[in-house]
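Hydrogens, waters and symmetry mates play no part in the numbers below; they use all other heavy atoms, side chains included. Counting starts at 1 for both ligands and their atoms, in listed order. Start at 1 with the first residue, then count along the sequence.
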Amino acid sequence: MSEPSSLSNLLKEERRFDPPADLAANANVTAAAYEQAAEDRLGFWAEQAKRLTWQTPPTQTLDWSNAPFAKWFADGKLNVAYNCVDRHVENGLGDRVAIHFEGESGDSRAITYAELQREVSRAANALIELGVHTGDRVAIYMPMIPETVIAMLACARLGAPHSLVFGGFSAEALATRINDADARVVITADGGYRRGKPSALKPAVDEALTKPGTENVRSVLVVRRTGQDLAEAGGTWTEGRDVWWHELVERQSPTHTPEAFDAEHPLFILYTSGTTGKPKGILHTTGGYLTQVSYTHHAVFDLKPETDVFWCTADVGWVTGHSYITYGPLSNGATEVLYEGTPDTPHQGRWWEIVQKYGVTILYTAPTAIRACMKWGDDIPAKYDLSSLRLLGSVGEPINPEAWIWYRKHIGADRTPIVDTWWQTETGAMMLSPLPGVTATKPGSAQVALPGIAATVVDDDAREVPDGAGGYLVLTEPWPSMLRTIWGDDQRYIDTYWSRFEGKYFAGDGAKKDSDGDIWLLGRVDDVMLVSGHNISTTEVESALVSHPKVAEAAVVGATDPQTTQAICAFVILRGGVEEGAGLVDELRAHVAQQLGPIAKPKRIMPVAELPKTRSGKIMRRLLRDVAENRDLGDVSTLTDSSVMDLIQAKLPSTP
Ligand code: ATP
Ligand code: MG
C-alpha cells in the first residue's frame, strides 16, 4: 500500500439508490443524529446508554486516561440478561415472541419473552448448582438452537463470561480455546442437524477434555438435540462431570433475581475467525457493548419491535451472532428467527421458504451466502413470497457490486434498501454503514461512519488521504463496544491495533475514499497485491470478475512472480449451467482488463467448484496463495471443509 495512488479510481460504480420515501419519513434515526454526535460525541453516547435499564445509571462516559485501555460508563451498574429479557416482561411484553426457532428438519418452536425469562432463570440456577461463580469462564460449543442463546444469557445473568466456539471447529481448536480462557464449565449438545443428518458435538468435547490445559473443566452440560447414540458417535459419558440439560435445568426454579454488575465487568471472550493467523481472544465488557449493539440494531435496521420480524443468518458462534442474534435484538425487544441448518437443506429455496413462513421483514446475511444464491439461480427465490421484506443487510466481507444488485433485485424486489455494515469481532458492533432512512446507497460501499463513530483512511505516514485516494482504514476515537484487550495478552492488544499509527486504531483493512468522501473497503491489508509497482486490491479484481455474467464468485491472490513482483491469480466459481469450455479464461481476462485496465488482468484464472472458507464464510486467501505458489498449506484448522483444498490442488497441473 505504499503508493495509494495507483488504481484507486478503479471502481466506477455510478448506481445510486435513495431511501424509500415512507421509510425515510418514519425512520428511527434521521440525519440529525450525525449532527448531534459531531457536536458532542460523548454526550451522544451518554444519551444512547439511556436505551438500557441501569441499576446505577452512569455519571461518567469515557475514561481514556490509560489509553488504549478504555472504560465506558465505568460507575454504572446493570445486568445484561435483565436488559434483554426481564425488563420486556415487566413492560407488559411477556407474550411477544422473542425467538421463532426453525430446525433444519422443519421442527419449530416459538419462545415468548415470558418463557425466555423462565428458561434463562432456570439455566442460571443450574449453573449456580454446578458451582459457577461471577467471573468464571464458561465455554459454549453448540448448534444453532434456542438453548445456545439461553445459555449465553444465563452466563451474562451471573456475570460469568462466556466463550463460544463454533460448532464446526475440531476438538483441537476447542481445546486451545478452553485452555486459553481457562474455562470451568462447557455447555454443549449431543449434536445438531446439518445437511440433513445429525452432526455430533459431544465427542469433540470429550476429546478436547483429554488434552493438556483443559483440566479445570469440572462440568459438561449437555443438551439433547438429536437423540443420537453417544457411544456410536464416538463419545463417552463421564459420571460426575457430564450432566444432561433436561435433567439439571428443567428441575430448577423458573425465577432468579439478577445482580447488577459494573459496566466494565467482562461479558464474553470471542476468538477471531482466524482468517489471517492465530486466533485472538477478544474481550468485550458489559455497558458499552450493550449500548452500541442496541443502538446500532435500532438505527441501522430501523427496527420497529411491534411489527418487524428480524432474521440474522449468522452462526451465533461468530460475533455477528453475538451482537445481532443475542444481544442487539433481544435488548430491543425484537421478534427474531433462529434457524439451525444450512441454506440448501433439504432444497436451495430453504431460506426463502423461512422468510415466507415467518413474514421476515429485515434480513441480515453475508456476501458469501448471496453469491451462493446467485450461483443456484434467480428462479429459486422467485418461487417464494418475499414481499414482507423491507430492509436487507450485509456483513463479513466487501460485497461485490454485482452481488449487491442481485440481492436488491431478486430478494428485495428492487425496492428494499441494503445496509452494508463494516465492523469486526474487535469493534463489537457496527461501525460503518448507510442509515436506511438517510443515506443514498452505493452498491459495494459501506460508505460512512455511524453517528458517534470516527473513522477515516490514512496513508503510510498516518496522514488522512484526500477524497479519491486509498490507504488504511483507521478509527480515530474510542467507541463504546470496542474490545478492551486480547484476553491475557495486553501487549498483543497494543501491538496489533494501536502501534501502527499513533493514537489510532488500525483495523487491518485497506480502504479508499471516493470523490464524495464515502469509504469503500478493499479487503485486508495482507490481501493487497503489488503488481509491476502498482497496488491492486483483491476485492476490486474479484468484483470485476463477478460482474461477468458467467461468474458467481471469485477469489484473487497475488503469487510471487519474477517479472512483476506478484502476479494476479484468480479462482472462479461459475454460475449454475455455465460450462467451463475453451475460450472462457480468455474471455474473463479480457473482461477484467476492460473493467479495470490491463494492469489488473489476471495472469491465471482457474475455474473451481468450491473455495476454501472459514466457518463464518470468508475466503481464506492465504491458502490459495499457498496453492498458487506451490507451497505446503498453512494452518487449515479453521476451514469449513478441508477437502476443498485437495480438489483445488488436484486441478492445478492442467491450468496454464
Ligand atoms: P481474523 O481477524 O482472525 O483474521 P476475521 O477478521 O475474519 O478473522 P471478523 O472479526 O469476523 O474476523 O471479521 C472482520 C473483518 O471482516 C473485517 O476486518 C473486514 O476485513 C471484513 N468485513 C466485515 N464486514 C465487512 C464489510 N461490510 N465490508 C468489507 N469488509 C468487511
Ligand atoms: Mg480480523
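Which of Gln424, Arg524, Met620 comes nearest to atom 6 (O) of ligand 1 through a heavy atom is settled by distance: it is Arg524. Ranked by closest heavy atom to atom 31 (C) of ligand 1, the top entry among Trp423, Trp520, Trp422 is Trp422. Of the listed options Glu426, Met430, Lys618, Arg622, Lys618 places a heavy atom closest to atom 14 (C) of ligand 1.
Between Phe169 and Tyr141, the gap from one ring centroid to the other reaches at least 6.0 Å.
Residue contact annotation: Thr421 has a non-hydrogen atom under 4.0 Å from ligand 1. Residue contacts with ligand 1 include Trp318, since one or more of its heavy atoms lies under 4.0 Å from the ligand. In this structure, Gly508 has no heavy atom closer than 4.0 Å to ligand 1.
With a heavy-atom cut-off of 4.0 Å, Asp509 touches ligand 1 through its side chain alone. Residue contacts with ligand 1 for Pro398 involve both N, CA, C or O and side-chain atoms from C-beta outward (heavy atoms, distance under 4.0 Å). Under 4.0 angstrom from ligand 1, the non-hydrogen atoms of Glu397 all belong to its backbone.
Legend: ring-ring contact (aromatic ring centres under 6.0 Å, His included) pairs involving residues 413-439, not counting sequence neighbours, sorted by first then second residue: Tyr324-Trp423.
For ligand 1, the atoms sitting less than 4.0 Å from at least one non-hydrogen atom of Leu521 are 29 (C), numbered in the order shown with element in parentheses.
By the 4.0 Å N-to-carboxylate-O rule, Asp308 lies close enough to Arg390 to be salt-bridged with it. Salt-bridge formation is detected for the pair Asp460/Arg500: a Lys NZ or Arg NE/NH1/NH2 atom is positioned less than 4.0 Å from an Asp or Glu carboxylate oxygen. With salt bridges taken as basic N to acidic carboxylate O contacts below 4.0 Å, none links Asp420 and Lys442.
In this structure, the side chain of Thr427 engages the main chain of Ala429 through a donor-acceptor pair within 3.5 Å. A donor-acceptor contact shorter than 3.5 Å is absent between the side chain of Glu610 and the backbone of Ile573. No side-chain donor-acceptor contact under 3.5 Å links Thr285 to the backbone of Glu264.
Close N/O approach between Gly396 and ligand 1 is found [any backbone or side-chain N/O within under 3.5 Å]. At under 3.5 Å, a nitrogen or oxygen of Asp420, whether backbone or side chain, sits near a nitrogen or oxygen of ligand 1.
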